[in-house]
Amino acid sequence: VQLQASGGGLVQPGGSLKLSCAASGNIFSVNDMGWYRRAPGKQRELVAIITSGSITTYAESVKGRFTVSRDNVKNTVSLQMNSLKPEDTAVYYCNADVLTMTSLSLANVNYWGQGTQVTVSS
């Protein structure tokens, strides 16, 4: 199973970006999907999570500005980021709990995508 993220870049304060992440491979089903970020000199933190039933959880710092969504058919998760601030600058990582077939049985495995850089600066 692989998670492929895209959509990072450089944006001015107040601007918008949309991140996308697609899960592919030996997938039986995908449970929670989400986004984390790691800012320079800080630990990785949760940004947003969405369950397979589309229940969402957001970090307080992004509530009202970021929106997480998913497509259960395509196994994708997106993060629409509006009103971006310099403190949103970080490497963003997608994450997913995937029910996948191993050599012995079905197993729930947590996967990480490669990071994508988001820089908010004037």
Open item on the list: Show, in sequence, the C-alpha distance, side-chain angles and deciding distance for Asn31 and Asn108, and conclude whether the side-chain contact (heavy atoms from CB on, under 4.5 Å) test is met.
Closed with: CA-CA 9 Å; Asn31 301 313; Asn108 195 61; 2.9 Å; yes
- [ ] Take Leu19 and Trp35 through the test side-chain contact (heavy atoms from CB on, under 4.5 Å) and record every step on the way to the result.
- [x] CA-CA 9 Å; Leu19 306 182; Trp35 294 92; 3.6 Å; yes
Open item on the list: Between Glu45 and Arg37, does any side-chain N to carboxylate O distance fall below 4.0 Å?
Closed with: yes
Task: Shared hydrophobic cluster for Val11 and Met81 (ILVMFWY, side-chain gaps under 4.5 Å) - done: yes
TODO: Kindly compute the distance separating OG1 (Thr119) from CG (Asp88), expressed to the nearest 0.5 Å.
DONE: 11.0 Å
TODO: Verify side-chain contact (heavy atoms from CB on, under 4.5 Å) between Ile27 and Thr100, making sure each step is shown before the conclusion.
DONE: CA-CA 5 Å; Ile27 297 172; Thr100 182; 5.9 Å; no
Task: Heavy-atom closest contact (Leu3 atom, Ala96 atom, distance) - done: CD1-N, 3.7 Å
Task: Considering all heavy atoms, the nearest Ser69-Ile50 contact - done: CA-CD1, 3.9 Å
Open item on the list: Return the OG1 to CG distance between Thr116 and Leu79, rounded to the nearest 0.5 Å.
Closed with: 11.0 Å
Open item on the list: Donor-acceptor pair, distance only, cut-off 3.5 Å: does the side chain of Arg70 make one with the backbone of Gly53?
Closed with: no
Open item on the list: Hydrophobic cluster membership, with links at side-chain heavy-atom distances under 4.5 Å among I/L/V/M/F/W/Y: are Leu99 and Ile49 in one?
Closed with: no
Task: Where Asn82 and Ser16 come nearest, the two heavy atoms and their spacing - done: OD1-OG, 2.9 Å
- [ ] Look up atom CG in Leu46 and atom CD in Glu60, then write down how far apart they are to the nearest 0.5 Å.
- [x] 11.0 Å
Open item on the list: Strictly distance-based, threshold 3.5 Å: is any side-chain N or O of Ser122 a donor or acceptor partner for the main-chain N or O of Gln12?
Closed with: no
- [ ] Would you list the pairs meeting ring-ring contact (aromatic ring centres under 6.0 Å, His included) in which at least one residue belongs to residues 44-102, sequence neighbours left out?
- [x] none
- [ ] Give a yes or no on this: more than 12 heavy atoms of other residues, nucleotides or ligands lie within 6.0 Å of atom CD of Gln43.
- [x] no
Task: Qualifying ring-ring contact (aromatic ring centres under 6.0 Å, His included) pairs with a residue from residues 8-27, counting only residues at least two apart or across chains - done: none
Task: Nearest-0.5 Å distance that lies between atom CD in Gln80 and atom OG in Ser20 - done: 9.0 Å
Open item on the list: Ignoring hydrogens, what is the shortest heavy-atom contact between Lys74 and Asp71? Give both atom names and the distance.
Closed with: N-OD1, 3.0 Å
Open item on the list: Which heavy atom of Val30 sits nearest to which heavy atom of Ser52, and what is that distance?
Closed with: O-CB, 3.8 Å
- [ ] Give, for atom NZ of Lys18 and atom OG of Ser78, the distance between the pair rounded to the nearest 0.5 Å.
- [x] 4.5 Å
Open item on the list: As a quick check of understanding, evaluate side-chain contact (heavy atoms from CB on, under 4.5 Å) for Val109 and Val98, giving each step before the final call.
Closed with: CA-CA 5 Å; Val109 181; Val98 178; 5.5 Å; no
Task: Point-to-point distance, once rounded to the nearest 0.5 Å, from CG of Asn26 to CG of Leu106 - done: 8.5 Å
Task: Residues forming a ring-ring contact (aromatic ring centres under 6.0 Å, His included) with Tyr36, sequence neighbours excluded - done: Trp112
TODO: Looking only at non-hydrogen atoms, find the nearest pair between Met33 and Asn75 and report the distance.
DONE: CE-O, 3.9 Å
